[in-house]
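Comments concern the structure below.
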Amino acid sequence: MEPFGGRVEGLVSLADARGAFQEELQGRFDAESAKAKADPAYTPVDSRPTRRVAGRVVQHRDLGKLVFIWLRDHSGDLQVSLSKASVPEREFELAKAVDYGDIVSVEGPVGRTNKGEVCVWARSISMQCKSLAPPPGKWHGLEDSEIRYRHRSTDMWATPKTLATFQARSRIVSLVRRFMEARGFLEVETPMMQPLAGGAAARPFVTTHNALDMNLFLRVAPELYLKRLLVGGMPKVFEVNRNFRNEGVDRSHNPEFTALEAYEAFGDCWTMLELTESLVHETAAAMARENGDAAPGPTLPFGAMQINYAKPFVRVTFAELFKRGVGVDMFDEAKVRAEATKLNIHNAATLDHWLLVEAIMSHACEPHIDPTKPTFVTDWPSAISPLTRPRRDDPRLCERWDLFVGGMELGPAYTELNDPDIQRQKFTEQLKGIGAEETTFRTLDEDFLSSLKVGMPPAGGMGLGIDRLVMLLTNSPSIRDVILFPLLKKS
RNA sequence: GGUUGCGUAGCUCAGUCGGUAGAGCAGCCGGCUUUUAACCGGCAGGUCCUGGGUUCGAGUCCCAGCGCAAUCACCA
């Protein structure tokens with residue numbers, strides 16, 4: 001016997017084989033069988049559809065002269081039934097000997113058992129790949145998160161939810177791309193290796209190009225390159241790709257993560273709000289339809305919550321949320337500092353006013369956002385938004401929002417700053433207070449500033465964490481459940 | 001990086017006050033032509049995460065390390 005199989009023609013998925021079952025033909029076959037039982041000389045006619053399928057063995061019940069095997073493939077599970085009377089002797093021996101985890105193919109009519117289970121009544125079975133690894137848990141799949149993340153290939157076939165989640169992820173990413181293209185955005189690819197790590201404040205990973213003898217940073221954001229494309233004449237661009245941030249790892253942070261970033265010339269943060277609201281709404285609606293929920297305001301479970309993605313999402317200004325959270329006017333420097341001290345914020349006595357406002361917001365205010373209602377927090381302070389255009393009527397605030405869903409930040413959007421002089425001034429201010437270590441990767445991006453001098457049209461820009469979106473839409477509690485191969489410590 | 005919890009058979013777990021290492025499933029042998037976590041009889045299966053320490057004796061108590069998880073810090 002060849003234990004590792006070979007090319008198989010004419011395979012259908014297990015779901016398709018199940019779909020081929022026909023009640024009427026099964027009824028006719030049952031009648032034929034009854035005749036044959038009454039008259040042993042009669043040969044029953046079997047007109048049931050025949051299918052060839054392959055899959056991994058996930059259950060095996062040997063009843064002596066009758067064997068039931070459950071197969072699993074990308075489309076689901078299906079039972080295969082083998083009767084000693086209708087399978088060649090050597091193949092029946094194989095059917096009795098298969099192990100949990102083996103991959104086999106079978107061919108036969110799609111019928112039903114006495115107990116009502118739709119199955120393939122195999123006429124033949126062959127080994128397509130013998131599994132040599134010890135099998136994981138049989139009924140619940142794998143539960144040890146360490147094994148699940150380190151041995152994803154086993155996890156995928158042994159834990160049904162895992163495969164379903166990653167299939168859903170691919171569909172979601174595809175939906176995102178089709179949505180953006182339908183809105184007239186062009187997908188582009190900008191450098192992952194950058195001589196300067198700009199566009200976000202995160203600490204970057206460093207690598208070296210030997211031939212050019214230069215340090216390069218894995219990008220923390222594509223922002224500054226996408227904006228150069230606006231300068232060059234691409235009015236609506238987006239990128240769905242990886243960012244790398246050399247920061248802590250937790251339930252919602254992986255060092256490499258996938259983000260959607262998009263820019264629209266002659267738009268602003270409000271056109272980005274409509275875009276993002278519709279994108280999240282439509283992907284959620286698509287997933288709700290897959291769950292059999294066609295209600296207009298799609299609702300999806302996330303842990304113990306039911307999150308409702310009906311439009312419009314909640315809007316609240318940064319100042320309102322701040323006041324609601326701690327009862328203090330965010331412009332009142334003395335009260336803010338007192339509140340920060342009360343909240344034990346690090347360096348509350350000396351830190352800049354707006355950095356205190358930001359710290360209070362993330363610790364004491366963001367938790368007050370209703371996690372079951374997607375919420376845009378708008379009108380952020382200019383001082384903590386260096387790439388954003390200040391509001392003309394109140395330059396202390398700027399045209400920026402952040403979207404929160406399920407207790408997580410999904411992403412921000414800005415009306416982009418396109419005045420090169422103000423941009424230079426903001427970058428310079430930002431560089432003032434940084435420590436020695438930061439100066440190794442954070443320097444003034446003169447090339448970007450000279451692009452801005454060429455002239456960038458006014459624009460809106462947005463970013464959206466794809467992994468977190470997939471977490472929400474697939475009810476996955478950890479970012480590691482939606483990243484195929486999450487970063488783990490060396491074992 | 002801090003704190004807390006966890007780590008025992010291939011998988012999921014129990015292990016009392018410190019006193020012979022346990023169960024179910026998986027595996028192996030035998031039986032069974034309608035099973036749905038099939039069932040019945042039998043067998044085998046261990047670096048109790050690693051390394052020290054306390055003790056007559058450690059899976060159990062102490063210390064250190066490794067890994068995982070939660071949480072905090074970091075993350076414009």
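Sequence lines set the chain letters: A, B, ... in the order given, protein chains first and strands last, and positions in each chain run from 1.
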Within 45° of the ring axis of A:Phe427 and under 6.0 Å from its six-membered ring centre, is that where the NZ or CZ of A:Arg424 lies? no
Is A:Arg251 near enough to B:U71 that one of its side-chain N or O atoms lies under 4.0 angstrom from OP1 or OP2? yes
Can you check whether A:Arg150 has a side-chain N or O nearer than 4.0 Å to OP1 or OP2 of B:C68? yes
Would you kindly give the OH-to-C1' distance between A:Tyr100 and B:C11, to the nearest whole Å? 9 Å
Counting any heavy atom closer than 4.0 Å, what does A:Ser145 reach on the DNA or RNA strands: base, sugar-phosphate only, or nothing? sugar-phosphate
Only one of A:Ile369, A:Asp402, A:Leu403 clears side-chain contact (heavy atoms from CB on, under 4.5 Å) with A:Glu409; which? A:Asp402
Euclidean distance for C1', B:G67 against B:C32 (whole angstrom): 46 Å
Selected nucleotide, minimal atom distance to A:Gln79 side chain, candidates B:C75, B:U36, B:C28: B:U36
Nearest-Å distance once atom P is located in both B:G18 and B:C62: 10 Å
Length of the CD-C1' vector between A:Glu146 and B:C68, whole Å: 5 Å
C1' atom, B:C43 versus B:A26: distance in rounded Å? 15 Å
Closest nucleotide among B:C75, B:C11, B:C32 to the A:Asp62 side chain: B:C32
For B:A69 and A:Arg480 - does any side-chain N or O of the residue sit under 4.0 Å from the phosphate oxygens OP1/OP2? yes
Measuring from the side chain of A:Trp70 (C-beta onward, heavy atoms only), which nucleotide among B:U12, B:U36, B:C75 has the closest atom? B:U36
Using the C1' atom in both, what is the distance from B:U12 to B:G2, to the nearest Å? 32 Å
Contact class for A:Trp354 (heavy atom, under 4.0 Å): base, sugar-phosphate, or nothing? nothing
B:A70 -> Watson-Crick or G-U wobble partner, both distances under 3.5 Å, gives B:U3
Nearest-angstrom distance, P atom, B:G24 to B:G65: 39 Å
side-chain N/O A:His60 vs B:A26 OP1/OP2, d < 4.0 Å: no
Inter-nucleotide C1' distance (B:A9, B:A70), Å rounded: 28 Å
What integer number of Å spans the P atoms of B:C11 and B:U54? 34 Å
Please determine, for the side chain of A:Gln59, which listed nucleotide (B:C28, B:A37, B:C32) has the closest atom? B:A37
Salt bridge (Lys or Arg N to Asp or Glu O under 4.0 Å) between A:Asp447 and A:Arg228: does it pass, once the steps are laid out? CA-CA 10 Å; A:Asp447 183 69; A:Arg228 286 170 167 93; 2.6 Å; yes
So what does A:Leu355 touch, heavy atoms closer than 4.0 Å: a base, only the sugar-phosphate, or nothing? nothing
Please tell me which of the listed nucleotides, B:A73, B:A69, B:U33, lies nearest to the side chain of A:Tyr149? B:A69
Given the C1' atoms of B:G45 and B:G1, what is the spacing between them in whole Å? 42 Å
A:Phe68 atom CZ is separated from B:U34 atom P, nearest whole Å, by 8 Å
Between A:Asp99 and A:Glu247, just flag the one whose closest nucleotide in RNA chain B comes earlier from the 5' side. A:Asp99
Of the candidates B:U36, B:C32, B:C74, the side chain of A:Thr113 sits closest to B:U36
